[in-house]
Every structure is written in structure tokens, then in C-alpha cells.
Amino acid sequence: MRKPTGSEPGSMGEAGGLGSPAAPTSTTKDATPLSTVVRVRSLLPSLPPAERRVAQRVIDDPEGVANSTITELAQACGTSETTVIRFCRAIGFHGYPELRLTLATEAGRAQTATGGRIIGSDISPDDSLEQVVEKVTFADARAVEETASQLDIKMLEQVVDAVVAADRVDVYGVGASAFVALDFQQKLHRIGMVCAAWSDAHIMLTSAAVLGPGDVAIGISHTGATVETIDALEVAKGKGVTTVALTNFPKSPIAEVADLMLTTAARETTFRSGATASRLAQLTVVDCVFVGVAQRTFGTTRKALEATFEAVRGRTVRPDRRRR
């Protein structure tokens, strides 16, 4: 079993220090607003310390980086120009000029989308309750939008194929991710699929131990470093099970035990309101998988939904029983 490296948002803390990523070979021409920042944020924990400082600067102030020379950025981050160039290549750019141009373009698009207003995610002690509401809802909405924009459709299709063909689906998640696992289990169970969600470390392991080829094990972890979830997927993988990971960080440890991986794009913010954003992002991906499965099994799904609706229809309060 792996030594614990961190825990889920919504529990006691976050994990750090992951392995170095392989550099992407190209950037996407039709980038959506702040897509570079989303990519940098997802790779942040896996970068070396010096490159991580450059990455954090890009995340905190993309427009400022776009207006800085490579020398100015290196000095501001306490590192060298060579490190800045290495960082650019690690996130898929040929060099610093390309990064500056892309950040400037995306910052302009983002301001247009918000009507010229700049809405931050971090909440300060002096913010009014109105500002708190605006910032929290902005972070939640951006998490869903950015998750959708970076979701790998081909990978999503492979996950849907695996779930449709599965004899059994077991879903693992601890802390706040356990709620997402339960949501997915409830959805699949309602359309007649054999599915279970587990959050207890021991039961997760025993569940994985009795799975076999033809089954699917799905691990949900925002950090991708939750040891209980990783261990359960590792056991399942050893049994010939198709393993799927849902995480915010594609270079995190859970990638080592996942045959297929889906990613979210949520950011952590003050008072961990990002934990809510990460749950919403995960639920968005889960919904996409579920609807894809329901489409492929339309006939049986429709019958199951009608049967389950009929089963609970009488459990609502009749109008004549409502209080006046």
C-alpha cells in the first residue's frame, strides 16, 4: 500500500509534491477564455519548485505576466530565464513570447465575457456579503465552465463504453468525494445497473478484491493523491478490472493506477469555497458519463426510469394533506 500523501478537500488537507509531468507538444489554437491558466493550475502540483513559482504567478496574474518581459518575470519569481523557458515548454509552449501572446488574448476574452469586470475568487475579511456571494458563485460557475471546456470527449466516450459493457461498477471516494460517488451510484442503480459506492477504506479494498475482468472501478479524488482511493484502484487493477480516475490533476499519483482518466478544472479559494466548486465540477463530469450511458441503453433505461418513477410517485404529499 502507498504511504498517505494527502487527503480530500473537505477533510483535513491537500497533498503536494507530485512527480514531474511530461511536456505537452503543442497548444490548442481555439483556446477558450483562461484555458492556459486552467492547464497551468492542473499541472501546478507536479512542477519542480522553481517552475511552480512561475506557474503560480501565471495563475495569480495572467495579465501581468502577459505585460512582463522574461527577465522581469524571472526576477519576480526569484528564478532564472532558463527556468521560465523550461516552464513554458512544460505546459506546451515553444517559448515565452508564445505564452505572453496567448495570455494576453485569453485575458481580453475573459474581460469581454464578464463585461469588463474583474471578479476574483479569493475572499478577504473586508468583503461585503454581496461580494462574497458574487465571488463564490463566480468560482462555482467557472469550475463547471472550465471543466466542460477541457473535458476530453474521446476519453469520455471510452469511459461510457466501459460502463455500458460492465457487469458491475464500483465507485470509490472519501471525504467530500464520497458524496459524488454516491450520486453516481444512485444514478446508475436507478437505470438498473449493478453499482455500489464505497467510502470506508477497508470496504473499498474488499470490494476491489472481489471484482474481476468485465467490471469497472471508478476512483474519485480531487487531488488525485488520496491514498485510500489509490489503493482501492490498485487492487482492482491487479484483478484485471478496468480502472477509471476522476481528478483535478492529471499528473497526480492516481494516474498510475488508472486505465482511463477524466479531469475537472476547479480552483481552491479562500475558506476552501473551492471545495464546493470541485464537487460541482465532479458532478458535471459524472452527469456527462451517466447521460452517455443512458443514451447507449435508451430502451432499458427508459423502462427503468418509468418503473422507478412509478414506485415513488405515491410518496409525495397529496394536495389535500398540505397545511393551510
Side-chain angles (χ1 to χ4, degrees), residues 1-11 14-15 18-19 42 45-46 147 151-152 155-156 158-163 166-188 193-266 275 278-279 281-290 293:
M1 299 301 174
R2 285 173 172 73
K3 186 177 180 181
T5 56
S7 57
E8 273 306 282
S11 51
E14 287 295 324
L18 309 177
S42 73
S46 60
T147 292
L151 193 60
D152 187 332
M155 183 65 69
L156 176 64
Q158 291 181 58
V159 173
V160 170
D161 289 341
V163 173
D167 296 321
R168 176 188 176 97
V169 178
D170 275 30
V171 193
Y172 309 127
V174 301
S177 290
F179 297 108
V180 181
L182 283 169
D183 178 79
F184 193 35
Q185 184 269 339
Q186 187 270 339
K187 284 181 167 66
L188 293 183
M193 298 195 70
V194 179
C195 182
W198 308 108
S199 59
D200 178 89
H202 287 194
I203 298 178
M204 287 161 66
L205 292 172
T206 56
S207 156
V210 297
L211 297 177
D215 297 329
V216 170
I218 301 175
I220 302 175
S221 169
H222 174 76
T223 63
T226 306
V227 66
E228 295 87 351
T229 306
I230 294 172
D231 284 346
L233 282 191
E234 185 176 40
V235 171
K237 189 177 180 70
K239 296 292 183 177
V241 176
T242 299
T243 54
V244 181
L246 173 56
T247 181
N248 206 70
F249 302 101
K251 301 295 182 181
S252 58
I254 202 170
E256 298 175 13
V257 294
D259 298 313
L260 304 170
M261 183 159 54
L262 297 172
T263 55
T264 56
S278 62
R279 296 294 80 75
Q282 290 173 343
L283 287 167
T284 297
V285 176
V286 162
D287 265 350
C288 290
V289 175
F290 169 72
V293 171

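Bear in mind that the values here come from a model prediction, so they are computed numbers and not experimental data.
Atoms CD1 and OG1, from Ile254 and Thr226 in turn, are 7.0 Å apart once rounded to the nearest 0.5 Å. Put simply, CG on Leu188 and CD1 on Ile218 are 7.0 Å apart, with the number rounded to the nearest 0.5 Å. Distance check, rounded to the nearest 0.5 Å: CG of Asp287 to CZ of Phe184 gives 9.5 Å. To the nearest 0.5 Å, atoms CZ (Phe179) and OG (Ser199) are separated by 8.5 Å. Note that OH of Tyr172 and CG of Leu205 are 8.5 Å apart. Values are rounded to the nearest 0.5 Å.
Ala196 approaches Arg168 most closely through the heavy-atom pair CB-NH2, 3.7 Å. Of all heavy-atom pairs spanning Ala281 and Ala266, the tightest one is CB-CB, 4.3 Å. Taking all atoms of both residues into account, the shortest heavy-atom contact from Leu211 to Ala217 is CD1-CB, 4.2 Å. Pairing each heavy atom of Met193 with each of Val293, the nearest pair is SD-CG1, 3.7 Å. Across all non-hydrogen atoms, the minimal contact from Asp215 to Val241 is O-CG1, 3.3 Å. Smallest separation of non-hydrogen atoms from Gln158 and Leu260: OE1-CD2, 3.4 Å.
A heavy-atom distance below 4.5 Å is not found between the side chains of Asp231 and Glu228. By the 4.5 Å heavy-atom criterion applied to side chains, Thr243 and Val257 are not counted as neighbours. No side-chain heavy atom of Ser177 sits under 4.5 Å from any side-chain heavy atom of Thr229. Put simply, the side chain of Cys195 reaches to within 4.5 Å of the side chain of Val171, judged on heavy atoms.
Atom NZ of Lys237 sits in a crowded spot, with more than 12 heavy atoms from other residues, nucleotides or ligands closer than 6.0 Å.
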> Given Val289 and Leu262, is the side-chain contact (heavy atoms from CB on, under 4.5 Å) satisfied, shown in steps?
Replying inline: CA-CA 10 Å; Val289 175; Leu262 297 172; 3.8 Å; yes
>> Set out, in order, the CA-CA distance, both residues' side-chain angles and the distance that settles side-chain contact (heavy atoms from CB on, under 4.5 Å) for His222 and Arg279, then state yes or no.
In response: CA-CA 8 Å; His222 174 76; Arg279 296 294 80 75; 3.7 Å; yes
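Screening Thr284, Thr247, Thr147, Asn248 for a side-chain hydrogen bond (donor to acceptor under 3.5 Å, both in side chains) involving Thr264 leaves a single residue, Asn248.
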